[in-house]
Colleague: 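Please read through the structure below; I'll follow up with questions.
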Amino acid sequence: MSTVTTASATREHRVTVRSLASRKRKAEPFTMLTAYDFTFARIFDEAGVDVLLVGDSLGNVVQGCDTTLPVTLDEVTYHTRMVCRGVRRAMVVADMPFGSYQVSSEDAVRSAIQLVKDGGAHAVKLEGGVDVADSIRRIVAAQIPVMGHVGLTPQSVNQMGGYRIQGRGDEARHQVIADARAVEAAGAFSVVLEGIPEELGREITELLSIPTVGIGAGVHCDAQVLVMHDALGLNDWTPSFVKQYANLGQQASKAARNYIDEVINRKFPDEEHSYS
Ligand code: KIV
């Protein structure tokens, strides 16, 4: 028998669409965090986060835009490349930005291929349900795993009239369920449920055989995702469903103020930090 190479041995430990499906079958929740660069990708991967999402939220938290709409395919590709360099175990999912899949399903496949071929992503994510089912089918046919995203879809901010909780009331509830079902039927391996009532999150999670990843969708989802800047306390403001697991913003500000103080008072560099 031939020797097992290091590369294939490593591959066995990677998070894959199959290992995530098995986590759902065993009712073992998994985790997803956004990441946009090498440093945080390495930290999260080593900590054991299962999936890193190069979200188009980079428009908000990295670029300082009001919405995710200006983010381009080349920008997501660039950040995906950096994230992939920091990862040994996690699955890297690249978000398809606004404009990269809405015109036609040919466009959608071409954009998904760029994120995999040039960015190194293991899977792509796109927003929408019934309306994008054909594009999901075509991307999956090109052998690229797709994560869907239904409920509150930030790329539809103008159509929704703001970032509003979705699925409240019978008609809206049925629409979110129909979207989630359409995403699954089109071949997606997983679906993000964003900004919906907890009970609807539970209902969809029970209805679908693919894992649901909740963000503001309650505790019953198969997995949870947070934007890293929210989870680490790097933003001025966070939505009410977010739990802040650290306060890196305050720590960074304190460190910067100490640095300024020591430089202007000629305390840094001291002897220990100077060459003789
Ligand atoms: O872009 C993003 O970060 C996302 C998550 C909020 C799911 O889509």
Side-chain angles (χ1 to χ4, degrees), residues 20 29-37 40-41 44 49-73 75-80 82-83 90-102 111-112 115 119 121 123-129 132 136 145-157 160 162-166 176 179-180 183 188-196 201 204-205 210-218 221-232 234-235 237-245:
L20 296 179
F30 65 87
T31 52
M32 177 157 106
L33 272 179
T34 65
Y36 314 95
D37 67 17
F40 278 105
F44 297 156
V49 177
D50 299 298
V51 184
L52 296 189
L53 171 67
V54 186
D56 63 353
S57 51
L58 77 88
N60 305 114
V61 297
V62 178
Q63 299 174 338
C65 304
D66 286 342
T67 71
T68 58
L69 301 178
V71 175
T72 68
L73 184 64
E75 287 165 352
V76 178
T77 307
Y78 170 73
H79 284 274
T80 302
M82 294 189 267
V83 166
M91 172 190 284
V92 177
V93 178
D95 227 350
M96 298 186 63
F98 180 65
S100 71
Y101 61 95
Q102 283 86 355
S111 301
L115 292 169
V124 299
K125 174 170 87 58
L126 55 84
E127 295 181 9
V132 295
I136 295 178
V146 174
M147 180 178 276
H149 184 158
V150 304
L152 194 169
T153 47
Q155 290 175 20
S156 313
V157 58
M160 291 184 302
Y163 298 105
R164 297 167 181 283
I165 301 302
Q166 301 294 301
V176 181
D179 283 335
V183 163
F189 74 95
S190 173
V191 61
V192 169
L193 305 179
E194 177 165 358
I196 59 171
I204 295 173
T205 301
I210 57 172
T212 58
V213 184
I215 175 161
C221 298
D222 299 302
Q224 296 293 327
V225 56
L226 284 175
V227 170
M228 59 159 276
H229 288 62
D230 290 337
L232 300 184
L234 286 161
N235 284 338
W237 175 88
T238 50
S240 61
F241 65 81
V242 166
K243 180 165 176 187
Q244 220 174 277
Y245 286 87

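One-based numbering, in listed order, for ligands and for the atoms of each. The figures here come from the full heavy-atom set of this structure, side chains too, leaving out hydrogens, waters and symmetry mates.
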Colleague: Is any side-chain heavy atom of Ile136 closer than 4.5 Å to one of Leu126?
Modeller: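 Yes. Closest side-chain heavy atoms under 4.5 Å.
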Colleague: For Asp230, run the side-chain hydrogen bond (donor to acceptor under 3.5 Å, both in side chains) check against Asn235, Thr238, Thr34 and tell me which one passes.
Modeller: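 Answer to the side-chain hydrogen bond (donor to acceptor under 3.5 Å, both in side chains) test with Asp230 among Asn235, Thr238, Thr34: Asn235.
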Colleague: Any side-chain heavy atom of Gln63 sitting closer than 4.5 Å to one from Leu58?
Modeller: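 They are in side-chain contact.
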Colleague: Got a sec, which residues hit side chain to side chain donor-acceptor pair (under 3.5 Å) with Ser100, two or more places apart in sequence or on another chain?
Modeller: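 Testing Ser100 for side chain to side chain donor-acceptor pair (under 3.5 Å), a comparison that skips the adjacent residues, returns none.
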Colleague: Report the residues that fulfil side chain to side chain donor-acceptor pair (under 3.5 Å) with Thr68, sequence neighbours left out, ordered by chain and then residue number.
Modeller: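 For Thr68, no residue satisfies side chain to side chain donor-acceptor pair (under 3.5 Å) once neighbours in sequence are set aside.
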Colleague: Could you work out, with ring pair (Phe, Tyr, Trp, His ring centres under 6.0 Å) as the rule, every residue matching Phe40, not counting sequence neighbours?
Modeller: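 Testing Phe40 for ring pair (Phe, Tyr, Trp, His ring centres under 6.0 Å), a comparison that skips the adjacent residues, returns Phe44.
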Colleague: If you look at each N/O of ligand 1, which protein N/O atoms lie under 3.5 Å away, and at what distance?
Modeller:
{"from": "ligand 1", "atom 1": "1 (O)", "to": "Asp56", "atom 2": "N", "distance (Å)": "3.2"}
{"from": "ligand 1", "atom 1": "1 (O)", "to": "Asp56", "atom 2": "OD1", "distance (Å)": "2.9"}
{"from": "ligand 1", "atom 1": "1 (O)", "to": "Ser57", "atom 2": "N", "distance (Å)": "3.0"}
{"from": "ligand 1", "atom 1": "1 (O)", "to": "Ser57", "atom 2": "OG", "distance (Å)": "3.3"}
{"from": "ligand 1", "atom 1": "1 (O)", "to": "Asp95", "atom 2": "OD2", "distance (Å)": "3.1"}
{"from": "ligand 1", "atom 1": "3 (O)", "to": "Ser57", "atom 2": "OG", "distance (Å)": "2.5"}
{"from": "ligand 1", "atom 1": "8 (O)", "to": "Lys125", "atom 2": "NZ", "distance (Å)": "2.9"}

